[in-house]
Every structure is written in C-alpha cells, then in structure tokens.
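Chain letters run A, B, ... following the sequence lines, proteins first, then strands; residues in each count from 1. Because only heavy atoms are used, hydrogens play no part in the values below, and waters and symmetry mates are left out as well, while side chains stay in.
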Amino acid sequence: MSVMSLTPTRRELLAAATTTVALSLLPKTLRAAGSDAIHPFTVKIPQAELDELRRRIAATRWPDPEPVHDRSQGIQLANLQEIVRYWETEYDWRKAESKLNALPQFITEIDGLDIHFIHVRSKHENALPLIVTHGWPGSIIEQLKIIDPLTNPTAHGANAADAFHLVIPSMPGFGFSGKPNDTGWNPNRIARAWTVLMNRLGYTRYVAQGGDWGSPVSSAMARRNPPGLLGIHINLPATVPQDVAMALAGGAPAPAGLSEKERAAFDSLATFFKKYRAYGAIMGTRPQAIGYALADTPVGLAAWILDYNNGEPERLLNRDDVLDNITLYWLTNTATSAARIYWETSGQSVLLSAAQKTAEISLPVAITVFPGEVYRAPETWARRAYRNLIYFNEVDRGGHFAAWEQPELLAAELRTAFRQLRKST
Amino acid sequence: MNGTAPTRRDVLATLAAAGAVGLLPEQPAAAAADRSIRPFTVKVPQAAVDDLRRRIASTRWPTKELVADRSQGVQYATIRELARYWATDYEFGRLEARLNALPQFVTEIDGVDIHFIHVRSRHENALPLIMTHGWPGSVVELLETVGPLTDPTAHGGNAEDAFHLVLPSLPGYGFSGEPTELGWDASRTARAWAELMNRLGYTRYVAQGGDVGALVTDLMGRLGVEGLVGYHLNLLTAVLAIGDKLPKESKQERAAAEAFARFRDDGFGYFLEMATRPQTISYAMLDSPVALAAWMLDHDTDSYYKISRAFVDGKPVGNLTRDTIVDNITLYWLTGTAASAARSYWEDGRALAAALASGEAPPAVTVPVGFTTFPGEIWASPRSWVEAVYPKLAYFNEVDKGGHFAAWEEPELFSAEVRAAFRSLRPAD
C-alpha cells in the first residue's frame, strides 16, 4: 500500500521512550519481574516527531473566517491562528517533558493494559494516599499544579497534617497509558483498575478525587466500596434529577417548583445541551469518524480541544498549559482512543444522578462547586443524589478545569474535605 | 504562518479565473446588481491535485476501531482503502471532465455567486425542473439523472416526459460562492432559486430535492414562489420538527418512528456538530483529506455500508461507485467548502429552532406535491406520514431499491419517479 504513515506509530514512540528508561533508569530486578511489576517511566519524544509536528502545522490549509463576531460557530479563526502561530514558532515541548520527568512516573500493567501514572509521596509520614483522575479534553497535565500543594502543604501555608501521597494515573487510552484493544473500558472497569493500582502501591487506606471523567470514575470506585477506600471528592457531581433530565432532553421548559439556584442550574444545562454538547454526541456515537481528523491534523485537534464548553480552555487557561496538553494528545496519537470513553458510556450522562447510580454510593462523598462549571450543582440536588454527603462547598472562582485553573483553591478544598476522614488513623 | 498550501480562496480564484479567461464573454466586471449569467468551466490546478495527493500519502492514522461494525464510525479498512484508491488509482481529471461535459454557469443572486448546470432538452415542451442536492452531496449526486431527465427517449422514456434541467450548487457548496454574511438558511436559498428560474426565463416550472435539497424545495412551495407549479421530494424533512406527532399505529409507521428515534439517539452527532460548531469541525476538514472523507462517509447506516462495500469488497450498489464517491469528496476538498457547507446546518438549525419556538405552523402548501419513499432512507416515510404533512399529496410511491442518495445510487429509477410524479402537471395540449 502506497498510502503510509510518515511518522512513527505511538507504539514505536512508546517503545523509544521506554527504551530510554530501560537504559538509564530501570533496575534489572524490575525489568525481570512479572506482570505486577512497576516500571519507572521517562518521557523522551524523538526530535523527528517534534519536527514533523511543526511541518504539519506550517502546512495547515485554513478555512475562511467565520461570518460571526463571536464564538457562536466555534473557535474563531483569528484566535486559533494566533495560538497556532505560537505553537509553531515559540512553544517548547521540551519544557513540558522536563516538568513531567522531574516527577516520579511509572508504568504498570493492569487488566491487560499499560497504565502510566505519576506517584509523588509526601515527606510527611501520615500523609493520606489520594488518587486523582483527569478527564477529557485533559490529561495528567491538568493536575501538575496541585502536586506540590497536596504533597507539600507546609510550603503552601497549610499544615503537615493535611499532606497527601499523590497518585495521578493517565486514563486508559490517554497520554502514556496503553490504548485498549477491546471494548468495555468504561468507568467501572477503570475504577477496578485504580483499586488494583492503589493496592499494588501498598496503600490500604486512601481517598479518590476527580472532575469531568474523573468524577464517574471516582464515583464508580465509591459504588464498588473496595477495602481501603475511605471516601471521594468530586467537582463535577452527578446531581441532575430525572425530571430535570427529561425536560432537558426534550427541550421542554424547566419543571415547576425549582428554587432560584435550581432554576439557574437548569438554565446553564439547557444552554450547554442546546449549544455545546455536540462534541460529546459525536464522540459518544462515532469516535472513529472524528478520530481520523484528530489523528491527522494538529490544527484540527487543537480546535477540537480548545472549543470545549464554548472555548473554556482557550478563554481561561494559560497558553503553554493548554499546548502542553494538546501536544501530549498529538505526540501520543491518543485523541481517538481517548474519544472512545464517550462511546463506552454512550447515553449515560455523567451529570445525571440516575445514570451514575449515585443512590448506590454509601461511602462519604465531598463536593466542591466551581462557579464556571458547566452547571453549578445546587446543594438541594446534591443532597438528594448522595446520601452520605459529608462536605459541600461552593467557591467563588474557577471552572471546569479546577485543578488546572485554580490549583491552590482546589488543594485547599481537598484538605478541608478529607480532613474528617483522617481522624480514625 | 508559512502555509504552503493554497487557501480555499486562492483555489476558487484560480478556478474562476480559468473560467473567465477561457469562456467568459467580455463584460463590465463590477456591474451593480449584476444579473448576467456567465459560462463556467472547471479547471483544477495541478498544484492543488499534487498537494492533495501528498497530504493523503502522509496521513497519520489512529488505531483501528474496537468493533466489527460501523458502530464506532467509519471503519479503518474502509477509509484506508478509500485513501489508497484516492491517492493512487483515482483519475483526477474525471471530475473536471464530467462537469465540463455539461453546460455550467455562474450568476450572482442576492450577493452570492450561484453555480449551476443547465441542460435544455431538445424536446420543445419539456418541463423546466430545478433539482437540489444535499449534504454531504453536491451536483455530483445528480449527474447521472441528466440523461434520463432531459433525453428520456434514449432511456426508455417518452418525449412528453422530458425536462429542461437546472442543477444549482447550494450557497457555500461546490463552485457556488461562500456567503460572507448570516442568514443563508434554506428559505433564502428557496427565494434565490425562484430568482434563478426567473432569470433563466422559466415562468412555469417544478422542483425536486432530497436531504437539504428537500428542505429548500419544500420552502419554495411553502413560500409560494412565483412560477412553481409543483414539487417532488424524497426525504420528509418535517419529521425533524414534528416526528413525535406522526402516527405510530401500523407496522410501517412504527418502523419509521423507530428509525427516526435511532437517528436522533445514534446518528445525529454530525448534524449537531455542524448545527452548533461548524467552524470548530472545519479546521480538520480543510486540513486533512482523510478527515474530510471520513466525516462525509459517516452519514446514514444504509449508504455507509453501500459505500464501504464499494471500496472493501469492490461491489458497488448502483451508481455509488468508488469513482463517483471520490468525485464528490474531491469536489469538497478542491473547493475547500467543508466549512461553508457545514454552516448551512448552523443556519437551518437556527431557523428550525426559531420556527419551533414560535409555535406557529409553517405556511400551507398550495401546489401539488409528489413523494417517493426509497427503502434505504434514514426514515422510510409511510404514505400516512407524507399525507399528514402534505394533505394534498398528488403522487406517492414506494420503490424497492435505493436509499438516502436516491438520485446518485439509482438514477434511472429515480428519474422514472420524477417523470411519474410530474406527469399530471404538464399542460394538456
């Protein structure tokens, strides 16, 4: 076949990265161990990959500008071109690589799949182990700024008693984790894998946290109630009641009797449902159809990621942070495998209490509501959805990417939320 | 940005220039409210073809889908074979040759250059017919109907069934101009088509459409445009607005209702994306030929499998052959119209939402309507549904083959339906 890829596949790339590790870092004993082995991991992207990315960006064929003066047709040409100009000419992936490689990273095989994770132990002995799960269109890049506040609280104006040992895995099909080659990697299966991971790391008492897809994954862990899991904190809770969900799906008016806050949540959800949910609809039904685009064009991929929730990453996040994340998707060629998580859960909204079976959770649940989130979960709905709600707080800033955008604030919330679960130590 | 590839504007300018140099009669270039009709010839620059081939060859692929059917989208084996065929076997000159074999023109209507094919029948009493393509289609969908409709005696039909045929490219599609202002929803296009027919001197004509073309054609009827004496459709677009209110009693009605529900639950993603974020998806469609091809193939299930068979098994269904499929995708690529075509969904989505919010019923249709149900259509509409939407249904038939791209897939059968539907509208001698 004359149509062939000019670039190495992700497998070759990972092999190259792993080889680097093997040569420089991996102790012989670990390499020889069985499938429970935990291998150190270092990121080292071949220069040819970075050159190829620049070549593709430079050769971009652009559409004409949108005929509107706002974001109502998607990410605007001038905005995207400015980000892409920076990506091509000034952005430096090696800085991201250095940031990642400054952290202890590992790969271990769970349920047949390589799972990549960052693992930072606190110097404080009684630190509480915490597994934090990213979402889409994010990655471990989202969580980098919460690592120090959580593991080293005394350097951030907090107490040693609030320290965490932190585990940040890459979701299956995301970043440096493997790409599933069978179906079924839904939040339940990921939750089982995370439990295995924490046990393999020797943690017998731990907590879990997540927003976006990290929320259903953390909730699935809580539903399973495995030995050792003490409770969870989520920042995209599934509180939406059935009658509200039905009204949203049918484009109907809000159900009668909503409070002011409930009504505001309904209105945000209605806007999201009408205008901003298409990305989820297409990835939930045809991840492969959009996948060809996201694998082949860097600018197509960037537009797809930057447009989330009417351009929230473009509007609110630091340009280098956003490009670290987009470049990670590109270099690992994981946009398609990441999109498949929507397909795996198609039809089960992560916002809907019934779909996420929140009534089956008996473990303690803590929630922080960030005001810029897709919807501000009202406390009334949260109490109805989660029967063991131990903490609920609405903060005054931050949005969907709380860890990325407001790391100190999220860290403070996690310290407070989990404080009461440490008591029985 | 050191973009080496030509932008869409460059390509279109080149194409237009090729037409202008070769064929355009001398006339004032910038006449106000220019009503002139200019001959048009397609001339694809070799550099654009070379660039396209180079891009296909350097495609970076995702991993294969994890399922054995299309439930995750266009299958890897299908798109790989399409890409291989496109880059190595496909004869790029054929699109140009097929289009240039027909009389093509451009005329400016309501500020936008409208490209159209215009084939007059040699039969004097032929009935003028304006036929509109849809998405992800183009005039390429309709090319094989030109012979049967304009020259019926050569295709087993009668001279009395001849048509003078007008096949416009929708605004923002193919060689038509790209609207630079808002408001080009289907009703504005419907009015533009009436102006086009009027400009061509047709005072009594009929219209036909499927997909977006059905929306435009139906609006010509509901707006009561001058000269329109009847129309024929092969998609019941009203289902999008009132699908929940149509009867679900008979077996056939229940099957159609289930098909529509399945479309809304599982087949609606592309529609929603283009209706809400057309610009976002366009960056990929303009930059990657394979992205564009996959997006266009991922339409309805019936046509997807037919197209997939053409590539993977070498067994095309009807006229949905590898070459005609690649002709259509190539047309989108070379004209760089994926973005402007997607925007038509944004416009029509807004118009639909406004119409539903108003709570007002659309204007009644006063001219006769004909309808043909093709079995592979997304929701194969039973007669009862069509009658619920068009109480004065003048013609209805259900045929035994063909799908969403009926004119493309089964041009002879489709043409026979168009003849039958309009037979009663021809003036008695």
Practice task
Report yes or no: is the cationic atom of A:Arg319 (NZ for Lys, CZ for Arg) closer than 6.0 Å to the six-membered ring centre of A:Tyr86, at no more than 45° off its axis?
Solution key: yes

Fill in the blank from the handout: Applying a strict 4.5 Å limit to non-hydrogen atoms, the region of B:Phe271 in contact with chain A is neither

Handout entry: Greatest number of heavy atom pairs closer than 4.5 Å to chain B - which of A:Ala303, A:Ala281, A:Gly300, A:Pro287
Key = A:Pro287

Exercise for the section: Indicate whether any N or O donor in one side chain lies under 3.5 Å from an N or O acceptor in the other, for A:Asn310 and A:Tyr276. Expected result: yes

Handout entry: Top contributor to chain B interface from A:Arg71, A:Lys274, A:Met283 [non-hydrogen pairs under 4.5 Å]
Key = A:Arg71

Exercise for the section: Spell out, as yes or no, whether a donor-acceptor pair under 3.5 Å connects the side chain of B:Arg53 to the backbone of B:Ala87. Expected result: yes

Exercise for the section: Would you verify whether the NZ or CZ of A:Arg340 falls within 45 degrees of the ring axis of A:Trp343 while also being under 6.0 Å from that six-membered ring's centre? Expected result: no

Exercise for the section: Check whether NZ of the Lys or CZ of the Arg B:Arg264 lies under 6.0 Å from the centre of the six-membered ring of B:Phe268 and within 45 degrees of that ring's axis. Expected result: no

Exercise for the section: Would you please indicate if the ring centroids of A:Phe266 and A:Tyr375 are separated by under 6.0 Å? Expected result: no

Handout entry: Region of B:Asp265 that comes under 4.5 Å of a non-hydrogen atom in chain A
Key = backbone

Completion exercise
Pair count under 4.5 Å, heavy atoms only, with chain A: among B:Gln279, B:Met274, B:Gln72, highest is B:Gln72

Fill in the blank from the handout: The interface call for B:Trp333 against chain A, heavy-atom contacts under 4.5 Å, is both

Handout entry: Contact residues of residues 293-305 of chain B (partner chain A; heavy-atom separation under 4.5 angstrom)
Key = B:Ala294, B:Trp295, B:Asp298

Fill in the blank from the handout: Separation between CZ (B:Arg343) and CG (A:Asp64), nearest 0.5 Å, reads 7.0 Å

Exercise for the section: For this output row, return yes or no: ring centroids of A:Trp136 and A:Tyr342 closer than 6.0 angstrom. Expected result: yes

Exercise for the section: Give, as side chain, backbone, both or neither, the part of A:Thr89 having an atom under 4.5 angstrom from any heavy atom of chain B. Expected result: neither

Practice task
Against chain B, work out which of A:Ile282, A:Thr336, A:Leu80 has the most heavy-atom pairs shorter than 4.5 Å and name it.
Solution key: A:Ile282

Problem - Proximal component of B:Arg70, with respect to chain A [non-hydrogen, under 4.5 Å] - result: both

Exercise for the section: Heavy-atom distances under 4.5 Å only: say whether A:Thr297 touches chain B with side chain, backbone, both or neither. Expected result: both

Practice task
Would you check if the side chain of B:Ser176 reaches a backbone N or O of B:Pro171 as a donor-acceptor pair within less than 3.5 Å?
Solution key: no

Practice task
Measure from the ring center of A:His400 to the ring center of A:Tyr308 and say whether it is less than 6.0 Å.
Solution key: yes

